[in-house]
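Before any comments, here is the structure.
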Amino acid sequence: MVLSLTTWNINSVRLRMPIVERFVGTYRPDILCLQEIKCQNHEFPLEAMQALGYPHIILHGQKGYHGVAIASKIPLTEDHRRDFCGVGDSRHISAIFERGGRRIRLHNFYVPAGGDEPDRTINPKFGHKLDFVEEMKALSAAAEPDTSAILVGDLNIAPLENDVWSHKQLLKIVSHTPVETEGLTEVIRRGGWVDLMRELVDPSQKLYTWWSYRAKDWDAADRGRRLDHIWSSPDLRPVLQRIDILREARGWDKPSDHVPVTAYFDL
DNA sequence: ATGGTAGTGGGACTA
């Protein structure tokens with residue numbers, strides 16, 4: 001059996017339902033993790049998602065901003081939502097599913113973008129992002145006994161040199177500053193996570209999941225960043241089959257600035 | 001160095 005799991009920052013799920021349907025119509029992942037749904041729970045297009053084949057849906061929405069959701073063909077249990085930094089933002093949702101005799105804890109994150117100025121003394125949004133990452137360092141891939149773990153989401157940090165189009169030009173740009181990239185690397189190290197995308201694509205190769213709306217021609221300029229991530233506990237590494245970054249979705253009608261990233265596991 | 005685009009909600013903020 002193959003388990004497929006997609007993470008996608010959808011930048012308003014209500015506006016984006018046509019491309020959600022287009023994506024699901026072709027790729028039909030077993031589990032779809034969305035970020036930036038930008039709606040309250042009661043505004044989520046629940047019936048439309050169920051009609052696409054996802055009877056199990058858990059939500060952590062918020063009016064206007066942020067918001068995360070998991071839509072699944074597999075039952076989800078023990079779900080919870082954590083308020084990182086205690087500011088009332090909806091940036092995390094988590095649940096357990098069972099597959100191939102395993103219990104798997106799935107975390108779906110939307111890490112703060114952090115504003116433009118990479119200095120917490122003049123930009124509180126950057127301070128909030130650093131505090132959020134600091135709090136993530138306590139999140140262990142082995143937190144629950146007899147339970148594997150997967151962590152996905154828009155982490156808004158491109159940790160490696162080839163996770164951005166120009167390492168040198170982005171060193172002072174929020175998402176690729178040393179304090180952020182070192183922070184995220186420490187989240188991985190302390191939590192015992194495996195960066196699955198970089199297990200399959202050598203760090204010498206460029207890898208992007210996001211292209212700015214502001215570029216004149218995003219495709220030709222190709223000034224992308226790898227802001228979206230799929231991590232797991234080490235025990236799932238041997239069953240990882242492949243990961244697809246659907247770059248073409250950035251060119252669809254009314255696109256998100258992020259594209260869907262799908263992992264396939266032998267499970 | 002700047003401004004470029006998109007979403008929510010009908011301002012100003014966030015990304």
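Letters go in sequence order (proteins before strands), and every chain restarts at 1. Nothing here was measured: the structure is a model prediction, and the numbers come from that model.
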With a distance cut-off below 6.0 Å to the six-membered ring centre and an angular limit of 45° from the axis, does A/Lys38 pair with A/Tyr65 as a cation-pi contact?
no
Inter-nucleotide P distance (B/dG9, B/dT5), Å rounded:
22 Å
Just checking, any donor-acceptor pair under 3.5 angstrom between side chains of A/Gln205 and A/Asn162?
no
Salt bridge present between A/Glu36 and A/Arg16 (N-O < 4.0 angstrom):
no
Indicate for each nucleotide in nucleotides 5-15 of chain B, in 5' to 3' sequence, whether protein heavy atoms under 4.0 Å reach the base (B), only the sugar-phosphate (S), or nothing (-).
BSSSS---BSB
Is the backbone of A/Asp266 close enough, under 3.5 Å, to the side chain of A/Gln241 for a donor and an acceptor to pair up by distance?
no
In whole Å, what is the span from the CD1 atom of A/Ile173 to the C1' atom of B/dG4?
14 Å
Nearest-Å distance once atom C1' is located in both B/dG3 and B/dA15
15 Å
Quote, to the nearest angstrom, the C1' distance that separates B/dG7 from B/dG11.
14 Å
Which whole number of Å gives the distance between the C1' atom of B/dT14 and that of B/dG10?
16 Å
Can you name the residues that form a salt bridge (charged side-chain N to carboxylate O under 4.0 Å, His left out) with A/Asp219, not counting sequence neighbours?
A/Arg247
Taking A/Asp257's backbone N and O only, do any of them form a donor-acceptor pair with A/Asn9's side chain (distance below 3.5 Å, no angle check)?
no
Which is it for B/dG4, anti or syn, if anything within 90° of zero counts as syn?
anti
